[in-house]
Amino acid sequence: MGNSVKDELVTSDGQRQTNGGRRRQLVQAVDKLGAKPFIILLLVLLFLIPINMIQSLVRDREYYRDEAIRSVLLPKGGEPVLEGVLMAIPYTHTVLHHYVDSDNQERVRQETTTRYLFSVPQTMDYFTRVEPEYLTRGIFDVPVFACETKFSGIFSPAAYQHLKISERDIRWDEALLLFGISNKKNLTSLPVVTVDGAVLEQSFTEPVVSPFRNALYYNLPADFARNGFSYQVDARIQGGESISIVPLATDNNFSMESTWRTPGFSGGWLPTERELGEEGFSAFWSIPGLSTTYPKVWVVTEDNQGIAMGKDGTEAVRVGFVTPVDNYQKTSRSVKYAVLFLIIPFLAIFIFEIFTKVRIHPIQYCLIGLADVVFYLLLLSVSEHLDFSLTYWISSAAVSFLSLFYAATIFHKFKWGVLFAAVQFISYIFLFGTLQAEDYALLIGTLGLFFVVVVLMILTRKVDWYSMTSQRTGE
């Protein structure tokens, strides 16, 4: 019985010794493979979590900014679309219906409806000078503008003959002139419409149909509708973000001036002439009617609006009063490079370990990575109150100085702290240049990564990795 217990104890001790030997062999094997690079890789992957949280935070702040913009633009009518000027002439349309009654007699029933003949101008000249300003909502500055606009041109006589409309059916005394705009809130006063020098009265008898989203109606004297006339519309407009003009006429000439230095030209036509400078911009468009989708005349019935003016943004000239890439866009772009700028300081610390023989704990790596993550938080929060470039250099200098003193402490020499801070700051300089060159960001980022790989190969080309791990195993 006693011998049996002793045999079991001996067997158990031998098993523990065997397990211990296996553990030591495993540790030696892992050490020879170099565990630190794998630890660094794991840390980089873990830091993807706070980086994604920062990206989400940037999107939240953009949403709050957009809400502030909407709250300011709503009472101003949003982005104005000036849909142009039209002439509308009502006429009586008669249809004879032939039918057979109950006595087998052929009868004729007459049905009369009102239709409208719409006509676009022969020429339309448009000029405006846009005066931008900023309104504050919370911490956000929202760009808005006010402008005085002027439409002028010529209407030809109503071309009713081409549509086989009898003149006796036309109700000349009920002719109207329409001024279309996307939202009446964009108007700060009632537009003044003059025809051959005579000011028209606003009409409160609106047609049943209108091709405009919103329109103001003016009584047009019969002689003008029958013979043609020159016109001028003076209006005061407010809004924000952009202004659009629809080229309805057979010949369209638009001019715009503003003190805004960064306009965005889009829509269906780009300016034929433009000048951009520190004092603002001026632009000119010459658009022939052949390049538009709008006919010269058309008929609208009560149940069919026919042509929809200005409702398709591609058939309008659009000028956006945009700001250059704002702080949220730049912060979001910088966060996209966060992984690269986590790897660089980690690799720098790892190289310093090799040359100084100082063992750096993974917790110390985490603190260094945390400082890089805080850099992006500083960039996001401070740039809401200061210029982005100034914020960037303040944040990068703060993180670099922090890295200097921390690295000098853990490596026990000030020069290593200076070297590490220099690596950090140079990487931030590189990132800033990448953010400024938006069109070449991918090329610059790729070349930068290639340069990092070259430097790593040069610095470690004489390192005997096996002897280093053997020394650590012996320790």
- Item | salt bridge (Lys or Arg N to Asp or Glu O under 4.0 Å) assessment of E79 paired with R318 | CA-CA 10 Å; E79 303 178 52; R318 183 179 185 274; 3.1 Å; yes
- Task: Kindly say whether L177 contributes a backbone atom to a donor-acceptor pair with the side chain of Y217 at under 3.5 angstrom?
- Result: no
- Considering all heavy atoms of both residues, which atom of S334 and which atom of T331 are nearest to each other, and what is their separation? OG-O, 2.6 Å
- Task: For residues Y428 and F375, establish whether the separation of their ring centroids is below 6.0 Å.
- Result: yes
- Is there a donor-acceptor pair closer than 3.5 Å between any side-chain N or O of D196 and the backbone N or O of S230? yes
- Pair listing, salt bridge (charged side-chain N to carboxylate O under 4.0 Å, His left out) test, anchored in residues 46-59, at least two apart: none
- Just by modelled atom types, is the Q329 backbone N or O under 3.5 Å from a matching donor or acceptor in the S332 side chain? no
Mind listing the side-chain donor-acceptor pairs of residues 397-406 below 3.5 Å, one per line with the distance, residues two or more places apart or on another chain?
{"residue": "S400", "atom": "OG", "partner": "S396", "partner atom": "O", "Å": "2.7"}
{"residue": "S403", "atom": "OG", "partner": "V399", "partner atom": "O", "Å": "2.9"}
{"residue": "S403", "atom": "OG", "partner": "Q424", "partner atom": "NE2", "Å": "3.3"}

- Please list, chain by chain and in numerical order, all residues satisfying side chain to side chain contact (heavy atoms under 4.5 Å, CB included) with S258, sequence neighbours excluded. V130, P132, W260, F281, F321
- Between N186 (side chain) and Q238 (backbone), is there a donor-acceptor pair under 3.5 Å? yes
- Item | Inter- and intrachain pairs under salt bridge (charged side-chain N to carboxylate O under 4.0 Å, His left out), touching residues 263-283, at least two apart | R261-E278
- Check: V339 and V44 side chains under 4.5 Å, non-hydrogen atoms: yes
- Parallel, tilted or perpendicular: which describes the rings of Y231 and F229, with under 30° parallel and over 60° perpendicular? perpendicular
- Query: Strictly by modelled atom types, are R137 and S71 linked by a side-chain donor-acceptor pair under 3.5 Å?
  - Reply: yes
- Query: Any sub-3.5 Å donor-acceptor pair from N253's side-chain atoms to D125's backbone N or O?
  - Reply: no
- Taking the side chain as C-beta and beyond, is there a heavy-atom pair between D251 and M124 under 4.5 Å? no
- Message: For a 4.5 angstrom cut-off between non-hydrogen side-chain atoms, does Y126 reach T128?
- Response: yes
Pairs under 3.5 angstrom only: tabulate donor-acceptor contacts from the side chains of residues 144-152 to other protein residues two or more places apart or in another chain.
{"residue": "E148", "atom": "OE2", "partner": "R236", "partner atom": "NH1", "Å": "2.7"}
{"residue": "E148", "atom": "OE2", "partner": "R236", "partner atom": "NH2", "Å": "3.1"}
{"residue": "T149", "atom": "OG1", "partner": "A235", "partner atom": "O", "Å": "3.2"}

- Task: With the side chain counted from C-beta on, respond yes when I344 and V423 share a heavy-atom pair under 4.5 Å apart, and no when they do not.
- Result: yes
- Proximity of F284 and F254 rings by center, below 6.0 Å: no
- V319 and M256, any side-chain heavy atoms less than 4.5 Å apart: yes
- Would you indicate whether the side-chain heavy atoms of I349 and F411 approach each other to under 4.5 Å? yes
- Query: What are the two closest heavy atoms between V120 and F155, and how far apart are they?
  - Reply: C-CE2, 3.5 Å
- Return yes if some donor-acceptor pair links the side-chain N/O of N252 with the main-chain N/O of I287 below 3.5 Å, else return no. yes
- Any pair counted as salt bridge (charged side-chain N to carboxylate O under 4.0 Å, His left out), so long as it reaches residues 383-394, sequence neighbours left out: R61-E384
- Taking the side chain as C-beta and beyond, is there a heavy-atom pair between F430 and F425 under 4.5 Å? no
- Whether F420 and F352 hold their rings parallel, tilted or perpendicular, with breakpoints at 30° and 60°: perpendicular
- Note on the structure: Tightest non-hydrogen contact, residues I54 and Y376, listed as CD1-CB, 4.0 Å
- Query: Does a salt bridge link E67 with R65, judged by any charged N lying under 4.0 Å from a carboxylate O?
  - Reply: no
- Compare every heavy atom of G240 with every heavy atom of P80, then report the nearest pair and how far apart it is. CD-N, 4.3 Å
- Minimum heavy-atom distance L248-G84, with the two atoms named: CD1-CA, 3.9 Å
- Message: With a 4.5 Å cut-off on side-chain heavy atoms, are S203 and Y218 touching?
- Response: no
- Query: Would you say S242's side chain and G320's backbone share a donor-acceptor pair under 3.5 angstrom?
  - Reply: no
